[in-house]
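Data first, discussion second: the structure below is written as structure tokens.
Position 1 is the first residue of the sequence; numbering continues from there. Everything quoted here is computed from the prediction, not taken from an experiment.
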Amino acid sequence: MSYVDPPAPRPLQPGETPPAPSSSDLLTPGGQATTWVFNPEYQRLVDLWFQVLPLMEQLTTSLDKPYQMARSTDVWDAPVAKRYIQDMGEWRNRLGLYRQAVLTAISDQAADTPRWIPSKAGAPHAYS
């Protein structure tokens with residue numbers, strides 16, 4: 001069973017610029033337009049995604065190989081094999097659900113966290 005990964009947080013792209021100023025922008029006390037910086041909280045989520053994804057891939061791969069071997073009649077052909085294959089299938093399903101939950105949590109938090117914030121403000125955060 002495979003799951004589709006949720007959308008990953010987008011890292012800062014080369015040449016990406018902050019939001020364009022508009023007439024409704026916040027003004028600083030001096031009357032100047034607000035300057036924007038890439039949100040460090042959002043960057044933390046991007047880094048976390050790229051740290052977790054390879055680990056999840058490694059776990060999945062390490063379980064797939066024994067599962068394929070167990071399903072092969074060349075490896076064993078015993079009544080107990082069906083039980084092991086069922087157990088490994090359940091582990092694979094649970095790992096898929098775990099992967100989905102972890103990546104969805106990161107993706108959902110990134111969706112609720114602004115990419116750009118005013119430079120002198122604390123990072124607005126959905127779960128703070």
Side-chain donor/acceptor of Asn39 to backbone N/O of Trp116, under 3.5 Å = no
Counting only N and O atoms by type, is there a donor-acceptor contact under 3.5 Å from the side chain of Glu16 to the main-chain atoms of Gln13?
-> yes
So CD1 of Ile85 and CE of Met69: to nearest 0.5 Å the spacing works out to 12.0 Å
Hey, does Asp5 have a side-chain heavy atom less than 4.5 Å from the side chain of Met56?
-> no
For Ser107 and Pro7, indicate whether the former's side chain and the latter's backbone hold a donor-acceptor pair under 3.5 Å.
-> yes
Can you tell me how far the CG atom of Leu103 sits from the OH atom of Tyr98, to the nearest 0.5 Å?
-> 10.0 Å
Shortest non-hydrogen pair, Pro11 vs Phe50, comes out as CG-CE1, 4.1 Å
Here the gap from Thr60 atom OG1 to Lys65 atom NZ, rounded to the nearest 0.5 Å, amounts to 15.5 Å
Taking Thr61 for its side chain and Gln58 for its backbone only, find out whether a donor-acceptor pair lies under 3.5 Å.
-> no
Would you say the side-chain atoms of Asp47 and Gln43 include a donor-acceptor pair closer than 3.5 Å?
-> yes
Student check: side-chain heavy atoms of Trp91 and Gln86 closer than 4.5 Å | no
What are the two closest non-hydrogen atoms of Val37 and Ser119, and how far apart are they?
-> CG1-CB, 3.8 Å
Just wondering, do Leu53 and Arg99 contact through their side chains at under 4.5 Å, heavy atoms?
-> yes
What's the shortest heavy-atom distance between Ile106 and Leu45, and which atoms?
-> CG2-O, 3.8 Å
Heavy-atom side-chain proximity of Leu48 to Pro9 below 4.5 angstrom | no
Can you tell me if Tyr42 uses its side chain to pair, donor with acceptor, with the backbone of Arg10 under 3.5 Å?
-> yes
Flag this pair as yes if the NZ/CZ of Arg115 is under 6.0 angstrom from the six-membered ring centre of Phe38 and inside a 45 degree cone about the axis; otherwise no.
-> no
Connected via hydrophobic side-chain network under 4.5 Å: Leu12 and Val46 = yes
